[in-house]
Amino acid sequence: MNAPDTFQTAFFAIPAGSTTGQSNGKRYVVSRSELAGGKSQKLVAHELGGNDYISLNLYLTRNSGALLRPCEMPAEKVVKFVLGFRPDRQADSVHI
């Protein structure tokens with residue numbers, strides 16, 4: 001499945017590395033990794049205090065564009081998760 005522009009915008013708004021946040025009324029810990037010089041992206045999310053799990057790969061190809069590859073789940077589930085995800089606000093740095 002080609003990833004729509006709205007999906008890509010929401011996906012890249014998720015910070016690289018690990019973060020926490022909410023999507024569709026549930027809290028998650030999310031890990032987003034860049035591989036192959038940024039040409040491949042991996043996202044894994046685990047619901048905090050629950051059983052929900054999200055896993056996907058996003059391949060940025062020259063000829064075919066952005067290809068979304070969910071891992072053993074419907075594309076609709078990962079799209080809904082990414083479009084709904086809101087990272088927690090990071091605490092302001094305190095300088096002493």
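Placement of Ile54 and Phe12 within a single hydrophobic cluster is found when ILVMFWY residues are connected by side-chain heavy-atom separations under 4.5 Å, directly or transitively. Follow the hydrophobic side-chain contacts under 4.5 Å out from Ile14 and you never reach Leu48; the two are in separate clusters. Residues Val29 and Leu56 are members of separate hydrophobic clusters, defined by side-chain heavy-atom contacts under 4.5 angstrom among Ile, Leu, Val, Met, Phe, Trp and Tyr.
By the side chain to side chain contact (heavy atoms under 4.5 Å, CB included) test, Ala66 is found to be paired with Ala3, Gln8, Leu58, Leu60, residues two or more places apart in sequence or in another chain being considered. For Phe81, the ring-ring contact (aromatic ring centres under 6.0 Å, His included) partners are Tyr28, Phe85, not counting sequence neighbours.
Heavy-atom minimum distance, Pro70 versus Val78: CG-CG2, 3.9 Å.
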Taking only distance into account, with no hydrogens and no angle test, what donor-acceptor pairs under 3.5 Å do side-chain atoms of residues 34-46 form with protein atoms, sequence neighbours excluded?
unit_1, atom_1, unit_2, atom_2, d
Gln41, OE1, Arg32, NH1, 2.8
Gln41, NE2, Gly38, O, 3.2
Lys42, NZ, Ser55, OG, 3.1

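Using a distance-only test at 3.5 Å, with no hydrogens or angles considered, no donor-acceptor pair links the side chain of Thr19 to the main chain of Pro15.
Applying the salt bridge (charged side-chain N to carboxylate O under 4.0 Å, His left out) test to pairs two or more places apart or on separate chains, those with a residue in residues 8-31 are Arg27-Asp88. Applying the side chain to side chain donor-acceptor pair (under 3.5 Å) test to pairs two or more places apart or on separate chains, those with a residue in residues 58-86 are Asp52-Lys77. Within the structure, no pair that satisfies the salt bridge (charged side-chain N to carboxylate O under 4.0 Å, His left out) test touches residues 7-22, not counting sequence neighbours.
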